[in-house]
Amino acid sequence: MGFEESQQTDPVVVIRNGKEIILQAFNWESKKYDWWRNLDGKVPDISKSGFTTAWLPPACQSLSPEGYLPQNLYSLNSSYGSEHLLKALLNKMKQYKVRGMADIVINHRVGTTKGHSGMYNRYEGIPLSWDEHAVTSCTGGLGNKSTGDNFNGVPNIDHTQSFVRKDLIDWMRWLRSSVGFQDFRFDFAKGYASKYVKEYIEGAKPIFSVGEYWDTCNYKDSHLDYNQDSHRQRIINWIDGTGQLSTAFDFTTKAILQEAVKGEFWRLRDSKGKPPGVLGWWPSRAVTFLDNHDTGSTQAHWPFPSRHVMAGYAYILTHPGIPSVFYDHFYDWGNSMHDQIVKLIDIRKHQGIHSRSSIKILEAQPNLYAAAIDEKVSMKIGDGSWCPSGKEWKLATSGHRYAVWQK
């Protein structure tokens with residue numbers, strides 16, 4: 001392995017470089033469509049478009065076809081396809097220099113056998129054959145109390161047990177070394193203490209990690225508060241708890257941005273003149289996004305307004321932080337949107353914008369937001385007319401309610 005290659009696989013260097021661009025490579029319906037084979041055909045385009053990592057759906061055997069109720073963690077035959085096809089996909093991604101991100105679902109696990117209090121909280125006949133002591137007392141097990149929130153209806157894993165942590169680290173190492181995953185996404189990260197995520201990252205050494213710490217924002221009645229500092233602070237506390245080894249999805253920015261695009265762009269500048277999400281406080285650990293398989297897709301728990309999706313991407317793909325693009329927007333909403341997103345990624349890469357790039361917010365009015373990033377890129381979103389002053393700025397791209405300039 002040459003120096004440059006080792007630089008690209010050192011987690012500290014990867015976070016410091018801040019050049020990641022993520023594709024969430026599935027949605028809630030992907031289970032119906034021979035998914036590993038579908039993605040295999042898209043790897044060249046994913047690579048050419050500039051993505052550095054593709055987040056894949058949970059690959060383990062699961063009671064639900066989407067993969068979020070895992071049982072046998074060592075069985076990789078799922079509704080998305082066979083173990084053989086998954087390994088072939090990950091191998092092809094490596095050839096195209098796109099890392100595979102595993103969805104790590106370890107807050108809860110469905111049992112195989114009835115145990116204590118008549119619940120399915122034993123794991124007999126499959127690898128990691130734990131008993132009830134691996135299950136938290138809050139969800140019917142004989143383990144300790146949970147160190148986080150409960151995921152109801154299934155046994156929650158007791159991460160305080162050292163035998164559980166050892167087994168999980170061995171499993172994650174197997175995903176890294178034998179299966180071919182390189183990055184991790186931690187599902188339902190509110191469910192167990194972040195110090196365990198730190199231990200798992202140190203043990204399995206993924207190149208890049210991101211956690212789903214999805215917390216409720218601050219509302220008055222049904223109106224989103226302007227100030228979401230306490231919300232972003234909770235995400236930042238979680239990142240701190242991982243020893244700063246993991247990034248986190250910037251749910252604060254999602255919440256604010258999807259209100260802002262409806263004509264409330266003043267929301268995009270906090271009281272100190274900075275971006276109002278995690279992005280404004282700790283951009284090197286903030287993974288920005290518009291939608292995922294829960295908020296968008298067919299679940300649509302909290303969707304980004306569809307008319308304003310490109311304005312949303314014009315924001316996250318020009319700004320500091322680590323942008324993530326949703327599969328549906330990239331592949332299912334037409335060629336025009338795909339090509340507009342690729343153009344924004346091109347500008348980001350060409351101008352060397354990274355997670356810690358400097359930002360100067362120039363306008364934040366009801367119908368207009370404008371900012372300059374690293375003094376190399378200027379952008380506006382909204383109906384208000386604006387352009388950067390100075391002959392050196394050239395229009396790089398524009399579309400529905402957005403425009404981007406570069407020098």
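In what follows, every heavy atom counts, from backbone to side chain, and hydrogens, waters and symmetry copies are set aside.
Looking at T53 and D183, their side chains do bring a donor and an acceptor atom within 3.5 Å of each other. In this model, a donor atom of one side chain and an acceptor atom of the other lie less than 3.5 Å apart for Y402 and Q340. Residues H231 and T252 bring a donor and an acceptor atom of their side chains to less than 3.5 Å of each other. Between the side chains of N218 and S230, at least one donor N or O sits under 3.5 Å from an acceptor N or O. Inspection of the T52 and E20 side chains reveals an N or O donor paired with an N or O acceptor under 3.5 Å. Inspection of the N237 and Q233 side chains reveals an N or O donor paired with an N or O acceptor under 3.5 Å. If you check the side chains of H293 and Q299, you find no donor sitting under 3.5 Å from an acceptor. For the 3.5 Å distance criterion, the side chains of S82 and N77 fail to qualify, holding no donor opposite an acceptor. A side-chain donor-acceptor contact under 3.5 Å links N38 and K42. Looking at D103 and W55, their side chains do bring a donor and an acceptor atom within 3.5 Å of each other. In the model, D215 has no side-chain atom that pairs as donor or acceptor with a side-chain atom of W238 under 3.5 Å. Counted by atom type alone, S62 and E66 present zero donor-acceptor pairs between their side chains at under 3.5 Å. A donor atom on one side chain and an acceptor atom on the other are found under 3.5 Å apart for E29 and T298. Side chain to side chain, D374 and S357 meet the donor-acceptor criterion of an N or O pair below 3.5 Å.
Counting all heavy atoms, side chain and backbone alike, A311 lies closest to R401 at CB-O, 3.9 Å. Between S78 and C60, the closest heavy-atom pair is CB-O, 4.1 Å. Of all heavy-atom pairs spanning F208 and R99, the tightest one is CB-NH2, 3.5 Å. In terms of heavy-atom proximity, D250 sits nearest to A286 at OD2-CB, 3.9 Å. Scanning all heavy atoms of the two residues, the minimum distance from S194 to G241 falls at OG-CA, 3.2 Å. G211 approaches S246 most closely through the heavy-atom pair N-OG, 3.6 Å.
Counting heavy-atom neighbours within 6.0 Å of E375 CD, excluding the residue itself, gives a total of 12 or less. The 12-atom threshold is exceeded at OH of Y219, counting heavy atoms of other residues, nucleotides or ligands nearer than 6.0 Å. With a 6.0 Å radius and a threshold of 12 heavy atoms from other residues, nucleotides or ligands, K262 has its NZ atom above the threshold. Annotation for H84: atom NE2 does not count as buried by contact number, only 12 or fewer foreign heavy atoms lying within 6.0 Å. Within a 6.0 Å sphere centred on NZ of K274, other residues, nucleotides and ligands contribute 12 heavy atoms or fewer. Within 6.0 Å of NZ in K166 there are 12 or fewer heavy atoms belonging to other residues, nucleotides or ligands. Surrounding OH of Y120 are at most 12 heavy atoms belonging to other residues, nucleotides or ligands under 6.0 Å away. For NZ of K407, the number of neighbouring non-hydrogen atoms (other residues, nucleotides, ligands) closer than 6.0 Å is greater than 12.
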>> Run the salt bridge (charged side-chain N to carboxylate O under 4.0 Å, His left out) test on K195 and E199 for me, step by step, so that the C-alpha distance in whole Å, both residues' side-chain angles and the decisive distance to 0.1 Å come before the verdict.
In response: CA-CA 6 Å; K195 66 182 179 185; E199 194 174 325; over 6 Å; no

>> Set out, in order, the CA-CA distance, both residues' side-chain angles and the distance that settles side-chain contact (heavy atoms from CB on, under 4.5 Å) for I256 and L224, then state yes or no.
In response: CA-CA 8 Å; I256 295 168; L224 185 75; 4.2 Å; yes

> Would F330 and I46 count as a side-chain contact (heavy atoms from CB on, under 4.5 Å) if you check the C-alpha gap in whole Å, the side-chain angles of each, and the deciding distance to 0.1 Å?
Replying inline: CA-CA 10 Å; F330 200 62; I46 292 169; 5.6 Å; no

> Should N156 and T136 be marked as a side-chain hydrogen bond (donor to acceptor under 3.5 Å, both in side chains) after you check the CA-CA gap, both sets of side-chain angles, and the distance that decides it?
Replying inline: CA-CA 6 Å; N156 283 220; T136 61; 5.3 Å; no

> Yes or no on salt bridge (charged side-chain N to carboxylate O under 4.0 Å, His left out) for D346 and K349, after CA distance, side-chain angles and deciding distance?
Replying inline: CA-CA 5 Å; D346 277 349; K349 294 211 154 195; over 6 Å; no

> So Q258 and L290, side-chain contact (heavy atoms from CB on, under 4.5 Å) or not? Walk me through it.
Replying inline: CA-CA 8 Å; Q258 69 184 37; L290 304 188; over 6 Å; no

>> What verdict does the side-chain contact (heavy atoms from CB on, under 4.5 Å) test give for L56 and L89, after you've listed the backbone C-alpha separation in whole Å, the side-chain angles of each residue and the deciding distance to 0.1 Å?
In response: CA-CA 10 Å; L56 305 189; L89 168 63; 4.0 Å; yes

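One finds the CG atom of L245 at 8.0 Å from the CZ atom of R285 (value rounded to the nearest 0.5 Å). A distance of 5.0 Å separates CZ in F251 from CD in E212, rounded to the nearest 0.5 Å. Note: I106 CD1 to D187 CG = 9.5 Å, rounded to the nearest 0.5 Å. For the atom pair CD (Q24) and CZ (F51), the distance works out to 11.5 Å, reported to the nearest 0.5 Å. The structure places CD of Q406 at 5.5 Å from CD1 of I347, a figure rounded to the nearest 0.5 Å.
Checked against the 6.0 Å centroid criterion, the rings of Y192 and H108 do not qualify as a close aromatic pair. Aromatic pair Y369/H319: centroids less than 6.0 angstrom apart. Aromatic pair W35/F26: ring centres not closer than 6.0 Å. The six-membered or imidazole ring of F184 lies away from that of W171, with a centre-to-centre distance of 6.0 Å or more. Taking the centre of each ring, Y213 and F249 stay at or above the 6.0 Å mark. Separation of the Y313 and H308 ring centroids does not fall under the 6.0 Å cut-off.
In this structure, R122 is not positioned above the aromatic face of W130 in the sense of NZ or CZ being under 6.0 Å from the six-membered ring centre and within 45° of the axis. Both the sub-6.0 Å distance and the 45° axial angle are not jointly satisfied by R267 relative to the ring of Y226.
Looking at heavy atoms from C-beta onward, C387 lies out of side-chain contact with W393 at the 4.5 angstrom threshold. For the pair T253/Y315, a side-chain contact is recorded, criterion being any heavy-atom separation below 4.5 Å from C-beta on. Using a 4.5 Å cut-off on side-chain heavy atoms (C-beta onward), P320 and L279 make contact. Within the 4.5 Å cutoff, side-chain heavy atoms of Y200 are placed close to those of H159. Counting heavy atoms from C-beta on, the side chains of F326 and L23 never come closer than 4.5 Å. I239 is not listed as a side-chain neighbour of T247, based on a closest heavy-atom distance of 4.5 Å or more. With contacts defined as side-chain heavy-atom distances shorter than 4.5 Å, the pair W282/Q244 qualifies. Looking at heavy atoms from C-beta onward, Y327 lies in side-chain contact with N27 at the 4.5 angstrom threshold.
N150 places no side-chain N or O within donor-acceptor distance of the main-chain N or O of N152, the cut-off being under 3.5 Å. The backbone N or O of Y96 sits less than 3.5 Å from a side-chain atom of S47, completing a donor-acceptor pair. In this structure, the side chain of N367 does not engage the main chain of G263 through any donor-acceptor pair within 3.5 Å.
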